[in-house]
> 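Would you mind keeping the following structure in view while I ask a few things?
Just so we're on the same page: letters track the sequence lines, and every chain starts at 1.
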There are 2 protein chains.
Amino acid sequence: MAVGAIRPGGRTARVRAAVLRAAGDALVEHGFDRLDLADVARRAEVGKTTVYRRWGTVAGLVADLLTDMAEQSLPRADTGSLTGDLRANARLVQRTLVDPRQGALFRAVIVAATCDPRAAEALHHFYAVRIAEWAPCVEQAVRRAELPPGTDAAEVIRAVSAPLYYRLLVSGDPIDEAAADRAADAAVAAAHAGVYTTAGGPQPVR
Amino acid sequence: MAVGAIRPGGRTARVRAAVLRAAGDALVEHGFDRLDLADVARRAEVGKTTVYRRWGTVAGLVADLLTDMAEQSLPRADTGSLTGDLRANARLVQRTLVDPRQGALFRAVIVAATCDPRAAEALHHFYAVRIAEWAPCVEQAVRRAELPPGTDAAEVIRAVSAPLYYRLLVSGDPIDEAAADRAADAAVAAAHAGVYTTAGGPQPVR
DNA sequence: CCGTTAAAGGTTCTGCAGTTCCGTTAAGGC
DNA sequence: GCCTTAACGGAACTGCAGAACCTTTAACGG
């Protein structure tokens, strides 16, 4: 075999998959701060030396987990109306954050991002991908003249998620379907008023 | 002295103040995950036994720090217009989150809240207080007929902060004055459209 | 199939966060 | 001012996360 070749196949891939799955389980059970790499190794039925060597720290492991999560994508909605699409998006985010496993996982990766630059980069990339996936909903609405031209599509999508993440991380208020619909409706109203146009400030209400 | 009396005065209060200040410094420097209670004790020039006995864990210490922070309040603005007031609020939040010390501190306490129930309760109380302080801006706007009756004042205030915290914790986008103004303007537009009325869904744009 | 070596695995060691123990200081009621 | 004891402080101890070391397994090129 050639010198210096890397070996991503077979066992290495199996080990990565097992460790990432175990890391997800452990994160959901204990949370970010109480995560022990040796415990992850035990769950994954893998030598703890391997986990320490390949990922080093809890944050490094979470960063890799996020990279993996970014690759699995969910299709965006296309209901024909902006409100319908954004409500679908808000409901998707809402269901994800409320889900015991997914919600705990997202809290954990967001925490990891505040502690480690690699995890932060992975997180920002993850959301950049998700936002780019949904931006076409807004672009279509602009083409349909539902929204003013020059509307920043990504900013509208972010505006839908923001109140839900605010509840998850900051205020602790319940993340129910009503909150999701309100988040979507607020984004539509603000976009309609021209708040998200690149030109700048809000346009007068027509 | 009576049996079982507690002693909050003198030395005890001095120790608490010194430890909370030291904890803030340490949080800003190392972040939540790398916080060592022994290091906090050293900075505060206090026995480490004291810190472990009174606060026990990092999360417990942060919870107390938050309780302390909730007591120091900043006055709300009163510019005469809803947009003016909410932009002032958004700018205040923006400046706080961008400030190296304050920003790091807020990230740390939010992280602590995801790890510990007491810290979570302290955080939610902190924001409940802040939101209640600014809610009158919205109530005034309703009285001035700038907004539809039945508008949920707290929800409007939360809507102003949400995009800024989303940037801080999730997307990593810059938290500049333009973002602050957009957050305020979006909240105004959505509130104006009736998204935050207790009645429910959005009212038709007038 | 074989040889090379990248990558995983097992075991032992170590530093330090967190605990325990006991002596010291000073808050506050009389 | 005195006494009781809540609360602080220093030092020695301990358990375990993470490092170090060496052995074993299996991926991949020929």
> Could you identify which residues of residues 20-42 of chain B place a heavy atom less than 4.0 Å from some atom of DNA chain C, listed by residue number, or say none?
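Under 4.0 Å from DNA chain C: Asp36(B).
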> Taking side-chain hydrogen bond (donor to acceptor under 3.5 Å, both in side chains) as the cut-off, I'd like each qualifying pair that reaches into residues 127-141 of chain B, sequence neighbours left out, listed once.
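Found Ser73(B)-Glu133(B), Tyr127(B)-Tyr165(B).
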> With sequence neighbours excluded, tell me which residues meet side chain to side chain donor-acceptor pair (under 3.5 Å) with Asn89(B).
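Residues passing side chain to side chain donor-acceptor pair (under 3.5 Å) with Asn89(B): none at all.
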> Mind grabbing the angle between the end helix axes of the helix from dC1(C)-dG30(D) to dC30(C)-dG1(D)? Five pairs an end, 10° rounding.
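One end's axis against the other's: 50°.
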> Taking side chain to side chain donor-acceptor pair (under 3.5 Å) as the definition, give me every residue that meets it alongside Arg34(B), ordered by chain and number, with sequence neighbours left out.
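So Arg34(B) forms no side chain to side chain donor-acceptor pair (under 3.5 Å) with any residue.
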> What residues in residues 46-69 of chain B put a non-hydrogen atom under 4.0 Å from any atom of DNA chain D?
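The stretch gives Val46(B), Gly47(B), Thr49(B), Thr50(B), Arg53(B), Arg54(B) as the residues lying under 4.0 Å from the strand, ordered by number.
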> If you pin Glu45(A) and Gly10(B) to their nearest nucleotides in DNA chain C, which one's is more 5'?
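Upstream on the strand: Glu45(A).
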> Taking salt bridge (charged side-chain N to carboxylate O under 4.0 Å, His left out) as the cut-off, I'd like each qualifying pair that reaches into residues 107-126 of chain A, sequence neighbours left out, listed once.
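Sorted result for residues 107-126 of chain A: Asp116(A)-Arg118(A).
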> Can you pull out every side-chain hydrogen bond (donor to acceptor under 3.5 Å, both in side chains) where at least one residue sits in residues 55-65 of chain A? Sequence neighbours excluded, please.
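Every side-chain hydrogen bond (donor to acceptor under 3.5 Å, both in side chains) pair that includes a residue of residues 55-65 of chain A, provided the two are not neighbours, is Arg16(A)-Asp64(A), Trp55(A)-Asp64(A).
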> Below the 4.0 Å mark, does dA8(C) have OP1 or OP2 next to a side-chain nitrogen or oxygen of Arg14(A)?
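No, because none of the side-chain N or O atoms of Arg14(A) sits under 4.0 Å from OP1 or OP2 of dA8(C).
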> Please report the distance, rounded to the nearest Å, between CZ in Arg16(B) and P in dA27(C).
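After rounding, the reported distance stands at 17 Å.
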> By ring-ring contact (aromatic ring centres under 6.0 Å, His included), which residues pair with Phe126(A), not counting sequence neighbours?
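With sequence neighbours excluded, Phe126(A) shows a ring-ring contact (aromatic ring centres under 6.0 Å, His included) to Phe106(A), given in chain and number order.
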> Quick one: do the Thr79(A) and Asp85(A) side chains pair a donor with an acceptor below 3.5 Å?
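On atom types as modelled, these side chains qualify, holding a pair under 3.5 Å.
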> Of all residues at least two apart in sequence or in a different chain, which pass the side chain to side chain donor-acceptor pair (under 3.5 Å) check with Thr49(B)?
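Thr49(B) satisfies side chain to side chain donor-acceptor pair (under 3.5 Å) with no other residue.
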> Just jot down the side chain to side chain donor-acceptor pair (under 3.5 Å) partners of Arg158(A), sequence neighbours excluded, or say none.
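Glu155(A), Asp173(B).
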> What pairs meet the ring-ring contact (aromatic ring centres under 6.0 Å, His included) rule with one or both residues in residues 60-83 of chain B, with sequence neighbours excluded?
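Matches after skipping sequence neighbours: none remain.
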